[in-house]
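Chain A is the first sequence line, chain B the second, and so forth, proteins listed ahead of strands; every chain is numbered from 1.
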Amino acid sequence: MEKAYNPVVMERRWYDFWERRGYFNPRGQGAPYTILLPPPNVTGTLHMGHAFQHTLMDALIRYHRMRGADVLWQAGSDHAGIATEMVVSRQLQAENQSRDRLGREAFIARVWEWKRQSGDTIERQMRRLGASADWTRSVFTMDEMPSRAVLECFVRLYDEGLIYRGQRLVNWDPVLQTAISDLEVVNQEEDGTLWTILYPFADPGLRGPDGRPGLEVATTRPETLLGDVCVAVHPDDERYLAFIGKTLILPLAGREIPIIADDYVDREFGTGCVKITPAHDFNDYEIGKRHGFAPLNVFTPQAAVNDEAPERYRGLDRYEARRRIVEDLKAQGLLLASQPHKLQIPRGDRSGEVIEPYLTDQWFVSMQRLARRGLDLVERGEVRFVPENWINTYRHWLEHIEDWCISRQLWWGHRIPAWYDRQGKVYVGRHEAEVRLKYDLDETIALTRDEDVLETWFSSALWPFSTLGWPDETAMAARGYEHRLPSSVLVTGFDILFFWVARMIMMTDHFTGRVPFHEVYITGLVRDKDGQKMSKSKGNILDPIDLIDGIDLAALIAKRTTGLMQPEMAERIAEATRREFTDGIPAFGADALRFTFAALATGGRDIKFDLQRCEGYRHFCNKLWNAARFVMQKIESGPAAGNSGRGVLEAGVAERWIASRLGATIAAVDEAYAAYRFDLAAQAIYDFTWNEFCDWYLELAKPQLAAEAEPDRAAATRRCLITTLDALLRLIHPFMPFISEEIWQRLKPHLEAAPDSLMVAPWPAAGGRDPEAEAEIAWLQAVILAVRGARTELNLAPGKPLPVVVLGGSDIDRRRWHQHETWLCRLARIAEATWQAGGEPPPDSALALAGDLRIAIPLAGLIDREAEIARLGGLLEKAEADAARSAAKLANARFVTHAPPAVVEQESQRLAQHRATGDRLRAQLKTLGVLSPSDPP
RNA sequence: GGGCGAUUAGCUCAGUUGGUUAGAGCGCCGUCUUGACAUGGCGGAGGUCACUGGUUCAAAUCCAGUAUCGCCCACCA
């Protein structure tokens, strides 16, 4: 084996090997275990969030595959309507072309072309990460199979009355010119102005509460004034009681509008008078409805003023109209005040544009009934969230859900299966022929199909069963519908809990009567090392591929600064990047990256991604690599004991110990997987590998391998090296598939009845513990650590073997010492040990304490007396403080009577131990000439 | 305005039902080119567990409140 771990050459080797052998496909045996890949959008490339989630999914998939399950990781991708249209539109713009000039058909052809060339990017990246998804079953949301499910569901929901079409106020993006759902609107607090406008009374004789000839109305959107239908006050507001039912003259428009009472109005805010514009505000829409006012729409779809408004304002953009209206009001003396005001601005999550409430015809899914079921299923535990507190968020949303606007005025997506006759009557069916048949329409009636498409999340909501061939029975049988639904677990981010998870639960239940998955593991967000959200505009994105392969500084800066929405940020981003990555990013390899993600995945909270962590796990790979190299050298240098009972019996205490520790580690890892605690699993593996296998077992093995006089022992040791490394590699494989396979393939010739690949090798069983061996080695470690500690603290040459005198101790200590003398001498660098039954240690010696043992290191002339006195003094101080604390506890009668006997017993043993330690230290100090260092406590 | 979460070593985080002297990695200090590994070995320093009060024999852990930060939801013009 090469001396250093090198991921770059190695990781290329294995992926094709696995895939060619069909290991990614279900094997058709065992209990089903299924994960649906949240289909990534075809717009982009893999980002850190994907890599994180994919790592966890792949770990689960590989783990369960090794445990013998019939595993399917269902791959796929999403057409991502708006996002993809935007990407392609931007490309067209760069070519001086446009969507509208191209026309619907040509545009869609163009998007398909983009999809084909970019759709593979994510898959390629996932392969680099080692994702063992079944690519042969990969599904795209606009493929024929899922599209059939979309049609079917739409038609059924319509026929059941759960889908309806209607004119409603919706969130409208005036730039993209499409409706979007509530969830696609993000409210941001921004600076604005609150204007106070005087609406004059129609009756010139009237005076308002402050003596003015009208009512003062506060608004943040004066341009919508043109669409006002009334002014509302609170029914109990004494200031305005007298005016309810009177009328006002709408400024600039000159229309007469009434004053009404509605308890929606907050008397404390502004002037207590609210202008009501039903066509341009969601609340006003409701008030208008309550009081029988028809909405008056004064905007075009582009959010310019339309012909309903006075001529002076027609055609003006909404902001231009605002400016002009404020100006005109001021000129007429009707603008009473304007003050800075913070307000929530609704923006489209994709376009970033300010969203208009806008009156249009759209398709909706009626949510009440579906939501009740969706909530019920989770409340009853049929779908379980991990961490479970997400149920609160889920519940709150479903309890306050509004009907879902599913139509989009776009071209890229599933076209709505609705047709209209000349009178605008709507007919819904799977295709035109079915519609004619269903509604008895002959050929003389011209039908035109609805121009709109369904929003992306509609098809996503059906994903758990549309990928299984539903509703086509043949396809369902072929795809294993019966045992793949529900899937085992969904791994996804909280950001799409409503967009996707909730809707899948509702739709899957509605159409199949099943839940889509048993568990939802909700991951946190991957943030940068300072906790900032990673985004292109902040310039702090990391491409997972760059962590795997490495990237130089120039290329990284180029990547971060090209294609920015705000090019002026480029210099600042470049500067920050230079500061953080002076030498670019080194190649960490996919395994180290994956292990980092696993180690950071603590119970669903956001993770700050720190390169140093990744570097640490690359070192871990190197450690593993070198441990394997050592094992390979040793097992190739002589025979190994067989797997027979005899070999096991020959195993020494070190072998029994490492087997016991391995068993405990496997149990811990199993437990961690069951609880989705990837961090704990990674920790257990890391700890075992480094701190037990490498630091102790390999060191204990060395003298056994070198003992030529004991060939059986060496053979048993070789056997143990083989079995432990084998099990360890299996344990590591779900997190680090490449390095584990690479090493395992080299180990394979030494294994009996091994499969072709580690990937399909069985998961190791968590064997029983061996308390006797654990106690024995714990004793050994305590002695070695005590001697080493004393040596270094006294600045004794670390390499030089020293003679020691051992005092005290029990028969067991004595037996253990003699039995393990080889190890003690080697690992603690002891030249020779002399046992002394009792009495004083040699003068001028240092003392190491391990349990009841006193180990004196006589070093006349070499020892720094003052240093040793200081060291022992420190230890004594601590022993006395500990003893005092225990004594105080035991002196407390309430403790002795209330605490469980075991705890009291433990405490008194502790006290005895501390006192004994103190006595020994005092005795030792006395031999160094320190008289009565302190009185016993 | 509601809801959720966080606050533990210089940094990033563990700490399961209350019970040794609160742990890990990274970083830091000292030391060692010993035959798997300097991407390493050995040893070490470093914490009033945000704050206040309460429950308890015993609190990082349970309860109440406070502070700071973050996220989600929400119709104050």
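Here A:K3 lies in heavy-atom contact (under 4.0 Å) with sugar-phosphate atoms only. A:R395 comes within 4.0 angstrom of nothing in the nucleic acid, heavy atoms only. Residue contacts for A:H234: at a heavy-atom cut-off of 4.0 Å it reaches no nucleic acid atom on any strand shown. Residue A:F269 is classed as a base contact, given a heavy-atom separation below 4.0 Å to a base. Residue contacts shown for A:K533 are absent, as no nucleic acid heavy atom lies under 4.0 Å away. Residue contacts shown for A:E699 include a base, since a base heavy atom lies under 4.0 Å away. Among the protein residues, A:D695 comes within range of the sugar-phosphate backbone only, with heavy atoms under 4.0 Å from sugar or phosphate atoms but none that close to a base. Within 4.0 Å (heavy atoms only), A:W195 reaches no atom of the nucleic acid at all. Within 4.0 Å of A:V217, counting heavy atoms only, lies no atom of the nucleic acid at all. Residue A:R788 is in sugar-phosphate contact alone, with no base atom involved, counting any heavy-atom pair closer than 4.0 Å across all strands shown. Among the atoms of the strands shown, none is found under 4.0 Å from any heavy atom of A:C621. The residue A:F620 sits apart from the nucleic acid: no heavy atom pair falls under 4.0 Å.
Here the nucleotide nearest the side chain of A:H914, chosen from B:C71, B:G3, B:U21, is B:U21. Side-chain proximity of A:K878 to the nucleotides B:C72, B:U21, B:C37 is greatest for B:U21. In this structure, the nucleotide among B:A77, B:A36, B:C26 sitting nearest to the side chain of A:L343 is B:A77. With B:U20, B:G43, B:C75 as the choices, the nucleotide that has an atom nearest any side-chain atom of A:Y264 turns out to be B:C75. With B:U34, B:C37, B:A77 as the choices, the nucleotide that has an atom nearest any side-chain atom of A:V274 turns out to be B:A77. Nearest nucleotide to the side chain of A:A899, out of B:G25, B:C57, B:C37: B:C57. The side chain of A:H898 lies closest to B:C57 when the candidates are B:U21, B:C71, B:C57. For A:A218, taking side-chain heavy atoms from C-beta onward, the closest of the listed nucleotides B:A77, B:U39, B:G3 is B:A77.
For A:T224 and A:K275, the side-chain atoms include at least one donor-acceptor pair closer than 3.5 Å. No donor-acceptor contact under 3.5 angstrom links the side chains of A:E216 and A:T196, judged on distance only. Side-chain contact check for A:Q909 and A:E905: at least one donor-acceptor pair (N or O, by modelled atom type) lies under 3.5 Å. The closest side-chain donor-acceptor pair between A:D262 and A:H291 falls under 3.5 angstrom. For the residue pair A:N691/A:Y686, the side-chain donor-acceptor check at 3.5 Å is not satisfied.
Of the candidates A:Y394, A:Y521, A:Y676, A:F494, A:F385 forms a ring pair (Phe, Tyr, Trp, His ring centres under 6.0 Å) with just one, namely A:Y394.
In this structure, A:W690 reaches the B:G41 phosphate: one of its side-chain N or O atoms is under 4.0 Å from OP1 or OP2. Contact between the side-chain N/O atoms of A:R885 and the OP1/OP2 oxygens of B:U21 is found at a separation under 4.0 Å. Residue A:H619 places none of its side-chain N or O atoms closer than 4.0 Å to OP1 or OP2 of B:U39. Applying the 4.0 Å criterion to OP1 and OP2 of B:C57, one finds that A:R894 has a side-chain N or O inside that range. For the OP1/OP2 pair of B:G41 and a distance below 4.0 Å, the side-chain nitrogens and oxygens of A:K623 include at least one atom meeting the criterion.
If you find the closest nucleotide of RNA chain B to A:D687 and to A:S886, the one lying nearer the 5' end belongs to A:S886.
Taking the C1' atom of each, B:G15 and B:A9 are spaced 14 Å apart, rounded to whole Å. One P atom belongs to B:G46, the other to B:C29, and the distance between them is 16 Å to the nearest Å.
Across all strands shown, the partner of B:C57 is B:G19, judged by Watson-Crick or G-U wobble contacts whose two distances both fall under 3.5 Å. Pairing of B:U12, defined by two Watson-Crick or G-U wobble distances under 3.5 Å, is identified with B:A24. With both pairing distances under 3.5 Å, B:G35 is matched to nothing as a Watson-Crick or G-U wobble pair. Nucleotide B:G1 forms a pair with B:C73, judged by Watson-Crick or G-U wobble geometry with both contacts under 3.5 Å. Shown here, B:U68 forms a base pair with B:A6; the pair counts as Watson-Crick or G-U wobble because both key distances fall under 3.5 Å.
Under the 30°/60° scheme for interplanar angles, the aromatic rings of A:H396 and A:H400 are found to be tilted. Ring geometry for A:W690 versus A:F620: interplanar angle under 30°, hence parallel rather than tilted (30 to 60°).
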Salt bridge (Lys or Arg N to Asp or Glu O under 4.0 Å), that's the test. Do A:R718 and A:E636 meet it? Break it down for me.
CA-CA 9 Å; A:R718 286 192 196 93; A:E636 280 162 5; over 6 Å; no

Its contact letters, B for base, S for sugar-phosphate only and - for none at protein heavy atoms under 4.0 Å, make nucleotides 9-16 of chain B read ---BSSS-

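Between A:R290 and A:Y264 the shortest side-chain heavy-atom distance falls below 4.5 Å.
Atom pair A:I391:CD1 and B:G5:P shows a separation of 13 Å (rounding to whole Å applied).
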